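Notes to accompany the following structure.
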Amino acid sequence: MMNTLSTEKPAEKPFRKTGNPVELTSESPLHPRRKSHRIMVGSVPVGGGAPISVQSMTNTLTANVPATLQQIAELTAAGCDIVRVAVPSQDDADALPEICRKSPVPIIADIHFQSKYVFQAIDAGCAAVRVNPGNIRKFNEVGPSICKAATDAGISLRIGVNAGSLDKELYAKYGGPTPEALVASALKEAHMFEDVGFHDFKISVKHHDVITMVETYRLLASKGDWPLHLGVTEAGPAWQGTIKSCLAFGALLAEGIGDTIRVSLSAPPVEEVKVGCKLLEYMGLRPRKFDIISCPSCGRAQVDVIQLASAVTEGLKDVTAPIRVAVMGCIVNGPGEAREADLGVASGNGKGQIFIKGKVIETVPEDQIVDTLLTKAQEIAAQMEADGLVPVNATGPVVVPIQHPNR
């Protein structure tokens, strides 16, 4: 029977290995969150109004345990809540127990083709397993056994439907990976899980096209109260993938749809996490952390704003204190924006006025602006850390290298 949005819902059973759901909620300032039931991925609650979690995936060989654990540590430091690892081989499956035991965050095993690795991942202590029904051999036969193993272990699953690996019958029926086809695939597997009494799963229905992806998640969200994992699959290189992910996630999150996200970039995984965290901050779904405000390059600017903003951002890339730094290049908006920030500079006529909390503290020559801002920012950050005002898992700015055309 379909898991509809009926008010009559079965009582949620307690988890065993994953612990009790934490009573955390996160409301959007733009739209009420869609009602979904809560599952647990290790200690991280997903759905049911829980704060939207950020995920990423290692790009190391999972069998290389030291390298994989090192990358997991880097992702955790960047603010990642949940990490997924690929398990395409027996060597990778054999590495899971040690990885799960030593990881500081919950581990999800990513399984395709071979169902035997699902059971090994569960036995290894993974917090969850991602299964792709479109390419796991004889999934209809092994699915109930997977659900039982997950139930016995007290872990959750993710049904991961991708446009590139859609079931052939559904592809033919709908003429391609349309929203209707992707949702039909997800519903088929969701109902199979529910028919054997398993409800501890979330669903993703990813597509590389922004409009198709948004339409697909909207359709799926209308069909039931499953927690939803948002993702634009094969989004592309960092610049393109960031834009596509922000457009798709922004549209859905503004409607209250989405319980956990993964920004997929052809870039180091840490960059995925930085983009994901900042996206949630700017959507009002996470507390504001470090932020840089800088004006656009225009004819009014009396300094090289591009170079100035790039140098300040690069110099402060490791600062995690929740301070706002304004880098302004002219007298039109500069003084006002600089005064609104914790620290700022309004530049012009070969000099820069340095502001702290709205007050001019000094005026410095143009060639000293960057060094002065960096020094003052570090002092403010150090004081905030001493006062206990730096959030756990705080992140630095998203740094996009800027290349000048003539350099």
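When a residue number appears, it is its place in the shown sequence, counting from 1. A quick note: this is a predicted structure, and the numbers were derived from the prediction, not measured. These numbers come from the heavy atoms of this one structure, side chains and all, not from hydrogens, waters or symmetry mates.
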How long is the straight-line distance from NZ of K206 back to CE of M213, given to the nearest 0.5 Å? 8.5 Å
Taking all non-hydrogen atoms of both residues into account, name the closest pair between V205 and A186 and its distance. CG1-CB, 3.9 Å
Restricting to pairs with a member in residues 46-61, which pass salt bridge (charged side-chain N to carboxylate O under 4.0 Å, His left out), not counting sequence neighbours? none
Measure the NZ-NZ distance between K357 and K359 for me, rounded to the nearest 0.5 Å. 12.0 Å
Could you tell me whether a side-chain N or O of Q71 sits under 3.5 Å from a main-chain N or O of N59, the two making a donor and an acceptor? yes
Is K35 salt-bridged to D225, cutoff N-O under 4.0 Å? no
Measure across T68 and L61 and return the closest heavy-atom pair with its distance rounded to 0.1 Å. OG1-O, 3.0 Å
Look at atom CD of E169 and say whether more than 12 heavy atoms of other residues, nucleotides or ligands are closer to it than 6.0 Å. no
Got V105 and I82 here, is their nearest side-chain heavy-atom distance under 4.5 Å? no
Of all residues at least two apart in sequence or in a different chain, which pass the side-chain hydrogen bond (donor to acceptor under 3.5 Å, both in side chains) check with D367? none
Identify the heavy atoms of A50 and P45 that sit nearest to each other, and give their distance. CB-O, 3.6 Å
Mind checking the CD1-CG spacing from I122 to L157? Nearest 0.5 Å is all I need. 6.0 Å
Flag the pair I155 / D200 as yes when at least one side-chain heavy-atom distance between them is below 4.5 Å, and no otherwise. no
Value rounded to 0.5 Å, distance of CG in L170 from NZ in K188: 6.0 Å
Take atom CD1 in I380; do more than 12 heavy atoms of anything else shown fall under 6.0 Å from it? yes
Quick one: does any side-chain atom of S28 pair with a main-chain N or O of G256 as donor and acceptor, under 3.5 Å? no
Run the numbers on V305 and M328 for side chain to side chain contact (heavy atoms under 4.5 Å, CB included), then give the verdict. CA-CA 7 Å; V305 177; M328 310 305 293; over 6 Å; no
Does any part of the side chain of R34, heavy atoms only, come nearer than 4.5 Å to the side chain of L228, both counted from C-beta? yes
Using a 3.5 Å distance criterion without hydrogens, assess whether the side chain of E194 forms a donor-acceptor pair with backbone atoms of H199. no
Taking it one step at a time, do E362 and Q368 satisfy side chain to side chain contact (heavy atoms under 4.5 Å, CB included)? CA-CA 11 Å; E362 63 180 305; Q368 295 180 23; over 6 Å; no
Find out whether I72 and P104 are in side-chain contact, i.e. whether some heavy atom of one side chain is under 4.5 Å from a heavy atom of the other. yes
Are the charged groups of R286 and D81 less than 4.0 angstrom apart, N to O? yes
Please examine the side chains of L343 and I354, heavy atoms only from C-beta on, and report whether any two atoms are closer than 4.5 Å. yes
Rounded distance (nearest 0.5 Å) linking atom CZ of R130 with atom CG of D110: 5.0 Å
List the residues meeting side-chain hydrogen bond (donor to acceptor under 3.5 Å, both in side chains) with Q383, not counting sequence neighbours, and say none if there are none. D387
Could you pull out all residues at least two apart from A251 that satisfy side chain to side chain contact (heavy atoms under 4.5 Å, CB included)? V214
Within a strict 4.5 Å, meaning less than it, do heavy atoms of the V364 and V345 side chains meet? no
Taking only residues two or more places apart in sequence or in another chain, which ones pass side chain to side chain contact (heavy atoms under 4.5 Å, CB included) with T212? P179, H207, D209, T216
So how far is it from L253 CG to Y217 OH, rounded to the nearest 0.5 Å? 11.0 Å
Do F355 and I361 come close enough that some side-chain heavy atom pair is under 4.5 Å? no
Where is the tightest heavy-atom contact between V270 and A78, given as atom of each residue plus distance? CG1-CB, 3.9 Å
Shortest non-hydrogen pair, A109 vs C126, comes out as CB-SG, 3.9 Å
Please list, chain by chain and in numerical order, all residues satisfying side chain to side chain contact (heavy atoms under 4.5 Å, CB included) with K116, sequence neighbours excluded. Q90, Q114, Q120
Here the pair of heavy atoms bringing P177 nearest to L182 is O-CD1, 3.9 Å
Assess whether atom OH of Y171 is packed by more than 12 heavy atoms of other residues, nucleotides or ligands within 6.0 Å. no
Kindly write out the residues that satisfy ring pair (Phe, Tyr, Trp, His ring centres under 6.0 Å) with F193, not counting sequence neighbours, or none if the list is empty. F198, F201
Using side chain to side chain contact (heavy atoms under 4.5 Å, CB included) as the criterion, list what pairs up with A172, not counting sequence neighbours. none
Listed once per pair and sorted, the salt bridge (charged side-chain N to carboxylate O under 4.0 Å, His left out) pairs that draw on residues 92-107, sequence neighbours left out: E98-K102
Exceeds 12 heavy-atom contacts within 6.0 angstrom, atom CD1 of I211: no
Enumerate the residue pairs fulfilling salt bridge (charged side-chain N to carboxylate O under 4.0 Å, His left out) with a member in residues 239-256, sequence neighbours excluded, ordered by first and then second residue. R218-E255
Who are the side-chain hydrogen bond (donor to acceptor under 3.5 Å, both in side chains) partners of T372, not counting sequence neighbours? none
Does L280 form a side chain to side chain contact (heavy atoms under 4.5 Å, CB included) with I261? I'd like the steps, not just the answer. CA-CA 10 Å; L280 294 179; I261 65 172; 4.0 Å; yes
With side chain to side chain contact (heavy atoms under 4.5 Å, CB included) as the criterion, how do W226 and L220 come out once you've worked through the C-alpha distance, each side chain's angles and the decisive distance to 0.1 Å? CA-CA 9 Å; W226 311 282; L220 180 60; 3.9 Å; yes
Among all residues two or more places apart in sequence or in another chain, which pass the side-chain hydrogen bond (donor to acceptor under 3.5 Å, both in side chains) test with D259? R33, S36
Has S310 got a side-chain atom pairing as donor or acceptor with I306's backbone, closer than 3.5 angstrom? no
Would you indicate whether the side-chain heavy atoms of S264 and R262 approach each other to under 4.5 Å? yes
